[in-house]
Number of protein chains: 2
Amino acid sequence: MVAGMQSRSTPSARAGGRPRSAAADHAILEATRAALVDLGWTKLTLGDVATRAGVAKTTLYRRWAGKSELVVDAVAELFDELELPDSGSLATDIEGVVLRFAALLGRPETKTALMAVVAESTTDAPLRERVRASIVERQKRLVLEGRQRAQVRGELPVEPDPAAAARTADLVFDVIAGAVVHRALVSAEPVDTEWARRFTALLLSGLAATAGTGPAGPDLSRPPAGSPTRPPVQPH
Amino acid sequence: MVAGMQSRSTPSARAGGRPRSAAADHAILEATRAALVDLGWTKLTLGDVATRAGVAKTTLYRRWAGKSELVVDAVAELFDELELPDSGSLATDIEGVVLRFAALLGRPETKTALMAVVAESTTDAPLRERVRASIVERQKRLVLEGRQRAQVRGELPVEPDPAAAARTADLVFDVIAGAVVHRALVSAEPVDTEWARRFTALLLSGLAATAGTGPAGPDLSRPPAGSPTRPPVQPH
DNA sequence: GGCTTTCGCTACGCGTCGTAGCGTAACTGG
DNA sequence: CCAGTTACGCTACGACGCGTAGCGAAAGCC
């Protein structure tokens, strides 16, 4: 499930001896999340996690290099729940994924762990790669999915240059993820429906204006009338 | 200089006894930044900071509650350098402040400290208030300054409703600061001139489309011809 | 049944934390 | 000038988490 797990047990190695308990893995990661809720990042100790999981402390050190790696794997599992909703229009899709991402950031486990492991990763290159593969890349795929859907719908133009397309995808990803994280964790203000709507409107009209340098296509900021999931609401 | 300092020495208290050494404050904060560069956030110890600063460890604990508070004050001083450039147009102003902010985030002290204290602040309300007052509010003022300048220039419409104006200012702030931080620290990719230009174009065309619901005003995405600080460059 | 690897357990040295206690230094008001 | 008050440097201390070593037992594969 989590990408960073088979990095230690290379399947090409000789396969003799007692296998690692998969149940212990689940127990440890779940205990880690529970400890994050109760204690937060700094007060979390590996000994406490071991006690909660019902395993020996040495078992933890045999599988993970340190606290950071363990927590990355523990919170990475939560990002499996993050999916791109298919609501019929690009605008409501973005609003939906923003709200889901914000709900994930609102959980006490992720709230205290995410920024901490990113902070650690600034001085630890292997950890940064682990964060990228386990968490960041999983979010970025949602952007690529959303763009492809929108292009099929005709809501976004197809960029011919793949390098330029990758640059805009990276830009959009940093804008979405960065804005939500900053709103939720730095400004510490709620990411509610109204904020998501305003943010999406800002982003989409910006995209429409910059992507199509020529005459703009249909208005992307609002879903078409009769949206299946949510009726369009006139802003007062 | 730093806002959180006079919270302990209330000037209304009785003023007898030996005054606190101001030189020690500077030495401690500078030693903290040096230790952040050499050791990073986690390996930084208060005993080491005390040794570098040439003061006793107990002096540190008399002035700051813990590592987080000390680091917040240490990096908050660096944010004094952050200013809004006056380049003649809103677009180049934003590009300039984005590059300056990114340069600040590129320094090893802030890189490792900023995310760490934000992570701490998620489980520590007094610390969150300290971060807000010392660091976040200082950045947000740049947004308000930039908007006012742009309104004087006629580049942005004046929003009559103060509540709505505050909401858009908060939104723009989270988008700018969030995107730059995410690009620099999470994606770990360079915030260079080209990225700043693309991001600014995205933001400004979004602002122009959403703010003026009626007919759009002048094109905000590019400075007027003959910009005093930087000649406009055609994107290939 | 032998080989290999994992697991639980105990114990250990090490470093940091945060505080207490003491004598001294600096500054103020009478 | 002297008593009062506060900050400072220094030492020492208990507490705690870290990460590792060593052992016997368990659980698989050939």
Side-chain angles (χ1 to χ4, degrees), chain A residues 5-29 31-32 35-36 38-71 112 116-117 120 123-124 126-127, chain B residues 5-29 31-32 35-36 38-71 116 120 123-124 126-127:
Chain A
M5 200 139 295
Q6 60 270 37
S7 62
R8 240 174 335 282
S9 63
T10 42
S12 62
R14 64 270 183 200
R18 177 177 178 174
R20 283 191 172 168
S21 165
D25 269 332
H26 292 112
I28 290 172
L29 293 178
T32 303
L36 279 175
D38 293 348
L39 308 173
W41 161 261
T42 29
K43 295 190 176 181
L44 180 144
T45 89
L46 291 190
D48 185 57
V49 171
T51 305
R52 288 171 187 254
V55 301
K57 193 175 62 166
T58 48
T59 302
L60 274 177
Y61 282 101
R62 289 193 190 101
R63 305 193 182 190
W64 285 277
K67 190 207 279 196
S68 305
E69 288 80 4
L70 173 63
V71 170
T112 183
V117 296
E120 285 300 299
T123 55
D124 184 350
L127 180 65
Chain B
M5 200 138 294
Q6 60 269 40
S7 63
R8 239 174 337 280
S9 64
T10 42
S12 63
R14 63 273 182 200
R18 175 177 178 174
R20 284 192 172 166
S21 164
D25 270 332
H26 292 112
I28 290 172
L29 294 178
T32 303
L36 281 174
D38 292 348
L39 308 173
W41 162 261
T42 30
K43 296 191 175 181
L44 180 145
T45 110
L46 291 189
D48 185 57
V49 171
T51 305
R52 289 172 187 255
V55 300
K57 193 175 59 165
T58 49
T59 301
L60 275 177
Y61 282 100
R62 290 192 189 101
R63 305 195 184 191
W64 286 277
K67 191 207 275 196
S68 305
E69 288 79 4
L70 172 63
V71 170
E120 285 301 298
T123 55
D124 184 349
L127 181 63

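Note on naming: letters A, B, ... go to the chains in the order of the sequence lines (proteins, then strands), and numbering restarts at 1 for each one. Scope of the values below: all heavy atoms of this structure, side chains included, with no hydrogens, waters or symmetry mates.
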Only counting residues at least two apart or in another chain, list the ones meeting side-chain hydrogen bond (donor to acceptor under 3.5 Å, both in side chains) with [X].
{"X": "B:Asp124", "result": "none"}
{"X": "A:Arg18", "result": "none"}
{"X": "B:Thr42", "result": "A:Glu120"}

Could you give the [atom1]-to-[atom2] distance, from [X] to [N], as a whole number of Å?
{"X": "A:Leu60", "N": "C:dC9", "atom1": "CG", "atom2": "P", "result": "13 Å"}
{"X": "B:Arg63", "N": "D:dA7", "atom1": "CZ", "atom2": "P", "result": "9 Å"}
{"X": "B:Arg20", "N": "D:dT5", "atom1": "CZ", "atom2": "P", "result": "18 Å"}

Listed by chain and number, what are the side-chain contact (heavy atoms from CB on, under 4.5 Å) partners of [X], not counting sequence neighbours?
{"X": "B:Thr51", "answer": "none"}
{"X": "A:Ala53", "answer": "A:Ala27, A:Ile28, A:Ala31, A:Val55"}
{"X": "B:Thr45", "answer": "B:Asp48"}
{"X": "A:Lys43", "answer": "A:Leu39"}

Scan nucleotides 15-27 of chain C nucleotide by nucleotide, 5' to 3', and note B when protein non-hydrogen atoms come under 4.0 Å of the base, S if they reach only the sugar-phosphate, - if neither.
-SBBBB----BBB
Check this one for me: any side-chain N or O of A:Thr59 less than 4.0 Å away from OP1 or OP2 of C:dG8?
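Yes, because at least one side-chain N or O of A:Thr59 sits under 4.0 Å from OP1 or OP2 of C:dG8.
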Rounding to 10°, can you tell me the angle the first-five-pair axis of the helix from C:dG1-D:dC30 to C:dG30-D:dC1 makes with its last-five-pair axis?
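Here the helix ends are tilted 20° relative to one another.
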Interatomic distance, A:Thr32 atom OG1 to A:Leu46 atom CG [nearest 0.5 angstrom]
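Interatomic distance, A:Thr32 OG1 to A:Leu46 CG, rounded to 0.5 Å: 8.0 Å.
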